[in-house]
S.K.: 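Below you'll find the structure I mean.
Each residue takes its place number in the sequence, starting with 1. Atoms within a ligand are numbered from 1 in the order they appear, just like the ligands themselves.
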Amino acid sequence: MKDLSLATQLVHADKHLNPNVDGAVHAPVNQSVLFEFADAQGIVDAFQGKQAAHVYSRSSSSTTNALQNVLSHFEQGVGAVTFATGMAAISSSILSLVRQGDHIIVSEYLFGNTRSFFKHLRQLGVEVSFVDVTNVQHVVAAKQTNTTMVYTESLANPMTQVADMAAIGRFCEQQALLYIIDNTMSPNVIFSAKSCQASLIISSLTKYISGHGQVLGGSIVDTGLFDWTGYANIQPLYQVADKQQWGLTQIRKKGLRDLGATLPAASASTILIGLETLSLRYQTACDNARRLAIHFVNHPDIKAVYYPGLAEHPEHFLARDLFNHYGAIMSIELPEGVDIIAWINRLNLVICATHLGDTRTLALPVEQTIYFEASAEEKSKMGINAQIVRLSIGIESIDDLIADFDSALQGIEGIQ
Ligand SMILES: *Cc1c(COP(=O)(O)O)cnc(C)c1O
């Protein structure tokens, strides 16, 4: 498998990496909750960690394992754990790994629900510093003696800030800090979080990886780069023989088993099918986004375009060094006075919805929706104003997309 191209590996990974039942090319959907042990000693050994076996499907099943094998291979990791949603992957993993009194450094440009989760963590006695991750110096300045972890997204939405990930990775390595990257917005087709020394890679499988907006899921992959023996929060029970598995073992027990947000088997199977076409879909979406960004930048009725592929984007050069494409999300800012709700209603092909990473192109007014709970100060810090429309670019024909946007932009001064 390893010498095949990524696109080929994604198509064949399920069959190559997973037990081949009856010659089936897809891992079967195993819905059983319970697993029988003919010899009762078997279940004792499984509970005591002496023998790998499924005991109850909240913790594991052959279908979720099949997806985990493929995701771990895709990220060149040493293992993966899947969850019911991206948020479950984030909250369950972080809750498994932090302790009261820890200090963690997180990006101030986070997916809104993740930001809300980290704010809640403060109430549980974890110190959280939100910092501007576009420059490693802010991370360095925020470090305290009790800092245990740095958490960032690769490419933020809606304003497309790019984190200084390689430099942050070097800093974390030097300081022995756990380094977590949420790579949902720039899957391994365009960006390898492992190449920036990420310890753990989180993905919402709901987005590009499954790709079609009909399944929820989340995952965490351990890249094998972090030395867990130096991490104080791993309980003695989870300090298993293979030291690379300490973190995922604790996440499986404290996060998945105890918090219980398990990915259903049918969802795991759907996600595996989506993953087969990830490379194809994502390349097309990225190409469309680049073409549209250039079109918008030259359009007299668009005030600003936020897309890292543009030379004027503040992190353009960072993005150029880190990614081999610029992703498929962008935001556009319409002129003051234009009613953006009325403008979005003029789009015919493009769908108004709060989702990302779909085959379909989506538009969302952000200040009025996902930033509804944010204070004026938070909004201004993040560069959010009432004229911004977030776009998640899909895989439609570029000509049809340009035609739809152009027709909505026609006579835009009139829609006050
Ligand atoms: C959507 C998203 C999540 C949450 O994923 P769900 O599957 O919707 O729970 C987390 N992080 C990022 C960057 C996202 O875009």
Side-chain angles (χ1 to χ4, degrees), residues 64 67 71 75 80-95 106-121 130 133 150-163 165 180-191 193 198 200-221 255-256 259-264 266-268 270-271 274-275 278 282 285-286 289 306 308 319 323 327-331 353-360 362-364 366 369-371 382 384 390-394:
T64 50
L67 175 60
L71 291 170
E75 303 282 11
V81 186
T82 50
F83 293 88
T85 66
M87 281 317 303
I90 294 166
S91 57
S92 305
S93 302
I94 303 295
L95 286 170
V106 306
S107 166
E108 72 181 5
Y109 310 117
L110 286 176
F111 178 68
N113 304 154
T114 306
R115 186 179 168 84
S116 166
F117 167 74
F118 278 118
K119 281 201 204 156
H120 182 72
L121 212 52
F130 290 94
V133 290
V150 176
Y151 184 102
T152 187
E153 289 171 13
S154 52
L155 170 62
N157 105 71
M159 302 309 278
T160 71
Q161 294 92 346
V162 179
M165 289 180 286
I180 306 182
I181 296 181
D182 176 340
N183 198 28
T184 302
M185 302 308 303
S186 54
N188 202 6
V189 177
I190 68 160
F191 168 64
L200 297 168
I201 304 170
I202 287 187
S203 302
S204 166
L205 306 174
T206 315
K207 310 291 173 53
Y208 293 106
I209 289 184
S210 65
H212 298 75
Q214 31 65 288
V215 67
L216 290 155
S219 65
I220 185 154
V221 172
L256 184 61
L259 296 173
T262 305
L263 182 71
S267 300
T270 305
I271 293 163
L275 195 53
L278 171 67
Y282 192 54
C286 288
Y306 303 90
F323 303 159
I329 56 153
M330 73 181 74
S331 286
T354 180
H355 178 48
L356 290 167
D358 203 84
T359 51
R360 300 153 191 84
L362 312 172
L364 181 76
V366 294
T369 61
I370 51 176
Y371 282 89
M382 297 198 180
I384 305 293
R390 181 185 75 192
L391 302 173
S392 168
I393 308 305

S.K.: Please name the pair of heavy atoms, one in Ile94 and one in Tyr151, separated by the smallest distance, quoted to 0.1 Å.
M.R.: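 Closest pair (atom of Ile94, atom of Tyr151, distance): CD1-CD1, 3.9 Å.
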S.K.: Nearest protein heavy atom to atom 9 (O) of ligand 1, by residue and atom, and its distance?
M.R.: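 Ranking protein heavy atoms by distance from atom 9 (O) of ligand 1, first comes Met87 N, 2.8 Å.
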S.K.: Do any N/O atoms on Asp182 end up under 3.5 angstrom from N/O atoms on ligand 1?
M.R.: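 Looking only at distances, the answer is yes, because the N/O contact criterion of under 3.5 Å is met.
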S.K.: Taking only heavy atoms of Lys207 into account, list the atoms of ligand 1 that are under 4.0 Å away from them.
M.R.: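 Per the distance check, 1 (C), 2 (C), 3 (C), 14 (C), 15 (O).
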S.K.: If you count the atoms of ligand 1 from 1 in the order shown, which ones are under 4.0 Å from a heavy atom of Gly217?
M.R.: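 By the 4.0 Å cutoff, the relevant atoms are 7 (O).
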S.K.: What pair of heavy atoms forms the shortest contact from Leu155 to Thr160, and how long is it?
M.R.: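 That closest heavy-atom pairing would be CD1-O, 3.7 Å.
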S.K.: Check whether any N or O atom of Thr114, backbone or side chain, sits under 3.5 Å from an N or O atom of ligand 1, and answer yes or no.
M.R.: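 In this structure, Thr114 places no N or O atom under 3.5 Å from an N or O of ligand 1.
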S.K.: At under 4.0 Å between heavy atoms, is it the side chain or the backbone of Ile90 that contacts ligand 1, or both, or neither?
M.R.: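 The side chain, only.
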S.K.: Taking only heavy atoms of Thr85 into account, list the atoms of ligand 1 that are under 4.0 Å away from them.
M.R.: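 Answer for ligand 1: 7 (O), 9 (O).
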S.K.: Please list the nearest protein heavy atom to atom 5 (O) of ligand 1 with its residue and the distance rounded to 0.1 Å.
M.R.: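 Scanning the protein heavy atoms, the shortest distance from atom 5 (O) of ligand 1 goes to Ser204 OG, 3.0 Å.
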S.K.: Show the atoms of ligand 1 that are less than 4.0 angstrom away from any heavy atom in Thr206.
M.R.: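 Result: 6 (P), 7 (O).
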S.K.: Measure across Arg390 and Val366 and return the closest heavy-atom pair with its distance rounded to 0.1 Å.
M.R.: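 For Arg390 versus Val366, the nearest heavy atoms are CB-CG1, 3.6 Å.
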S.K.: Checking a contact table here: which protein heavy atom is nearest atom 3 (C) of ligand 1, and how many Å away?
M.R.: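 The answer is Phe111 CE2, 3.4 Å.
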S.K.: Looking at His120, I want to see if its NE2 is surrounded by more than 12 non-hydrogen atoms of other residues, nucleotides or ligands under 6.0 Å.
M.R.: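 12 or below, so no.
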S.K.: What protein heavy atom lies closest to atom 6 (P) of ligand 1? Include the residue and the distance to one decimal.
M.R.: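 Minimum-distance protein heavy atom for atom 6 (P) of ligand 1 reads Gly86 N, 3.4 Å.
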S.K.: Give a yes or no answer on whether the side chain of Ser392 reaches the backbone of Gly357 with a donor-acceptor pair at less than 3.5 Å.
M.R.: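 The answer is yes, because a donor-acceptor pair under 3.5 Å joins these two groups.
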S.K.: Backbone or side chain, does any N or O of Met185 fall under 3.5 Å from an N or O of ligand 1?
M.R.: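 Between Met185 and ligand 1 (N or O atoms, distance only) the closest approach is not under 3.5 Å.
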S.K.: Less than 4.5 Å apart, side chain to side chain, heavy atoms only: is that true for Asn113 and Ile90?
M.R.: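 Result no, sub-4.5 Å side-chain heavy-atom pair not found.
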S.K.: Applying the side chain to side chain contact (heavy atoms under 4.5 Å, CB included) criterion to Phe83, which one of Leu263, Leu259, Thr64, Ile220 satisfies it?
M.R.: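 Testing Phe83 for a side chain to side chain contact (heavy atoms under 4.5 Å, CB included) against Leu263, Leu259, Thr64, Ile220 leaves exactly one candidate, Ile220.
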S.K.: When you measure from the side chain of Ser204 to the backbone N and O of Gly218, does any donor-acceptor pair fall under 3.5 Å?
M.R.: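 No: the side chain of Ser204 does not pair with the backbone of Gly218.
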